[in-house]
> 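What follows is a single structure, and I will ask about it in a moment.
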Amino acid sequence: PFGKLVLFFYSSNFLLPLPLTLLLHPSFQQGSSPPFGFGFLKISKISSGVILSDPPGSPSPQTSINYDIQSNPKFEYRPLLETAGSINNYNSSGGGGGSKDKYPLQQQKGVGHHDTVNIRWAIWNLFNDILTPGAVGLSLYIAQSGIGAGILLLAFFGVITGYTLLLLYNLSRRYEKDNYPALAEQIFGKAGYAIVCLCMFVFNYGGLCAQLIMFGDVVPTVLQTYIGYHPIFQKQYVLLLGLIIFLPISFFKDITKYTFTSFISVSCIFVITFLVVGRLAFKDHEPYPPPPPHSFTFFRVHIFSALGGLSYIYVCHDLSFNVIYSCENPTPPRYRRVVWSTMIVTFFTTLLLGVCGYVLFVGSHGGVKANLLKNFSPTDFIGNAARIILALDVCITIPFSCFMPRTAIMSGLAAITKKPDIGENKIVFILVTVLVVGSGITIAEFVDDLGDVFELVG
């Protein structure tokens with residue numbers, strides 16, 4: 001039953017952009033069939049009103065249509081601005097048809113304010129949100145689902161993720177919304193805004209806690225192996241030391257400030273993947289038992305448990321808005337390049353890390369662990385090198401992971417207090433950041449099972 005519940009929430013998360021697109025598509029006019037060939041969905045009683053002047057220099061007429069669907073609140077539609085070059089050009093040219101946004105999308109204050117980066121750094125930022133240190137749990141998901149089914153699921157989730165990211169991009173351009181909560185509020189009202197903020201917080205905060213648990217797992221092992229046992233090397237003291245490291249670099253308000261750390265973090269995952277593949281190639285130098293005969297089963301009954309962990313790896317829809325508007329000139333072709341480049345690299349990296357880690361440790365006592373690096377012997381040089389790199393990766397990634405939980409809390413506070421600029425209050429900003437990081441450290445002090453965290457949060 002828990003696996004089915006995870007599957008339900010996972011499906012809901014990925015399919016949410018689909019009804020949004022259906023609701024907003026212009027072909028709902030006057031009872032016509034909606035997009036994507038869903039001919040069975042028709043609306044017959046729609047009163048529509050037009051009315052927008054063309055923005056200066058517009059190459060083609062721009063129209064805004066308000067739909068009044070059987071006394072439901074009006075939804076405003078704006079056509080996709082393929083010919084406008086970018087949203088910023090459209091806004092700056094006077095378009096938007098009475099948009100309430102005071103600032104152009106890439107210049108809005110608070111949560112939506114971004115400096116711009118080139119397309120390569122935009123790919124790194126999105127990739128960093130997908131391939132976090134939690135990728136060390138991939139081998140466990142392969143073990144739970146079966147090696148064949150696990151590979152197919154990795155490919156399927158990559159395609160679904162890319163498709164839904166592009167749906168949200170189109171909606172954000174059409175409605176000129178530069179964050180997920182604002183887009184959900186446009187369609188579903190305050191309830192949609194609250195639900196999206198809550199889900200953003202739970203998912204990202206759970207990921208933050210998981211990374212802190214990993215930090216508390218790997219650092220004491222390395223210290224005790226190379227320095228020797230000392231009471232201060234225990235998990236609780238190591239995490240308190242980590243707080244001193246993590247907190248100062250968690251105060252950046254702009255995601256572009258994490259661009260270089262994203263590059264280092266992604267590079268760490270590549271190096272860990274290379275080390276796991278290298279250990280598999282030279283496993284005869286360490287006493288790791290060979291895989292038992294039944295290890296390469298295509299499908300296993302625990303596949304539903306793996307869905308939660310796989311969703312934790314792939315879901316990045318909340319941060320995608322920040323990536324869109326931090327990218328220079330985010331036109332549709334450029335953003336498609338960002339999305340599919342990220343999905344392709346993610347698939348092959350996760351495939352290598354997950355399958356090689358599974359084959360390497362499936363015969364070990366206790367099987368594959370949620371934190372793959374705990375399967376390595378404490379005296380294994382390659383294993384300890386991977387632990388050191390993972391610890392570095394966590395140090396770099398945790399401030400990045402703090403960004404979205406803080407954004408969700410700030411969005412909630414803005415709605416409750418009716419002060420959209422509350423994020424500019426330095427005292428509130430500092431208190432929320434300290435609360436997010438400090439409470440995550442506290443949870444990591446008392447929770448040890450990384451696998452349960454990945455499955456529940458995912």
Side-chain angles (χ1 to χ4, degrees), residues 2-3 6 132-144 202-246 268-269 272 276 302 305-313 353-354 357-358 360-362 364-380 383-384 386-395 397-398 401-402 405 435-458:
F2 177 74
V6 169
T132 64
V136 296
L138 279 166
S139 298
L140 174 65
Y141 311 143
I142 297 292
Q144 291 174 334
V202 170
F203 181 80
N204 289 281
Y205 183 72
L208 173 69
C209 294
Q211 292 175 31
L212 288 167
I213 292 171
M214 280 187 282
F215 185 81
D217 278 343
V218 301
V219 173
T221 302
V222 173
L223 293 175
Q224 292 176 19
T225 299
Y226 291 105
I227 300 178
Y229 176 79
H230 193 282
I232 201 173
F233 292 160
Q234 296 181 28
K235 175 182 175 180
Q236 57 268 33
Y237 299 115
V238 168
L239 285 171
L240 290 176
L241 177 62
L243 179 63
I244 300 173
I245 300 172
F246 305 142
C268 287
I269 297 297
I272 291 173
V276 172
H302 299 295
S305 297
L307 290 178
L310 287 169
S311 69
Y312 172 82
I313 296 296
L353 181 58
Y358 170 75
L360 180 60
F361 295 118
V362 66
S364 300
H365 177 70
V368 181
K369 294 182 171 59
N371 182 350
L372 180 68
L373 303 189
K374 294 180 74 173
N375 283 101
F376 282 98
S377 165
T379 59
D380 188 334
N384 285 327
R387 291 185 181 104
I388 293 171
I389 294 170
L390 180 66
L392 173 63
D393 191 11
V394 170
C395 290
T397 305
I398 281 178
S401 301
C402 177
L435 174 65
V436 170
V437 178
S439 59
I441 292 277
T442 303
I443 292 174
E445 294 276 10
F446 297 100
V447 177
D448 294 317
D449 196 330
L450 192 62
D452 288 347
V453 174
F454 281 151
E455 291 179 16
L456 181 60
V457 173

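Computed over heavy atoms, backbone and side chain alike; hydrogens, waters and symmetry mates excluded.
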> Taking all non-hydrogen atoms of both residues into account, name the closest pair between Ala391 and Val218 and its distance.
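Closest pair (atom of Ala391, atom of Val218, distance): CB-CG2, 4.1 Å.
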
> Please check if any side-chain donor atom of Ser401 sits under 3.5 Å from a side-chain acceptor atom of Gln211, or the reverse.
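A donor-acceptor contact under 3.5 Å links the two side chains.
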
> So how far is it from Leu239 CG to Glu445 CD, rounded to the nearest 0.5 Å?
4.5 Å

> Give the minimum heavy-atom separation between Gly367 and Asn375, together with the two atoms involved.
O-ND2, 3.0 Å

> Any idea which heavy atoms bring Ala386 and Leu373 closest together, and the distance?
O-CD1, 3.6 Å

> So for atom CZ, which belongs to Phe446, do other residues, nucleotides or ligands contribute more than 12 heavy atoms lying within a distance under 6.0 Å?
no

> OG1/Thr379 to OH/Tyr226 distance, rounded to the nearest 0.5 angstrom?
8.5 Å

> Taking all heavy atoms of Val437 and all of Cys402, pick out the closest pair and write down the distance.
CG2-SG, 3.8 Å

> Do Asp448 and Lys235 meet the salt-bridge criterion of a basic N to acidic O distance under 4.0 Å?
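A salt bridge links Lys235 with Asp448.
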
> Around atom NZ of Lys374, are there more than 12 heavy atoms of other residues, nucleotides or ligands at under 6.0 Å?
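Counting neighbours around NZ of Lys374, 12 or fewer heavy atoms of other residues, nucleotides or ligands fall under 6.0 Å, so no.
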
> Report the C-alpha separation of Tyr141 and Ser305 in whole Å, then their side-chain angles, then the decisive distance to 0.1 Å, and conclude whether the side chain to side chain donor-acceptor pair (under 3.5 Å) test is met.
CA-CA 8 Å; Tyr141 311 143; Ser305 297; over 6 Å; no

> Verify the neighbour count for atom CG of Leu240: are there more than 12 heavy atoms of other residues, nucleotides or ligands below 6.0 Å?
yes

> Measure the CG-OG1 distance between Asp393 and Thr132 for me, rounded to the nearest 0.5 Å.
8.0 Å

> Can you tell me how far CZ of Phe376 sits from NZ of Lys369, rounded to the nearest 0.5 angstrom?
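Lys369 atom NZ to Phe376 atom CZ measures 12.0 Å (nearest 0.5 Å).
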
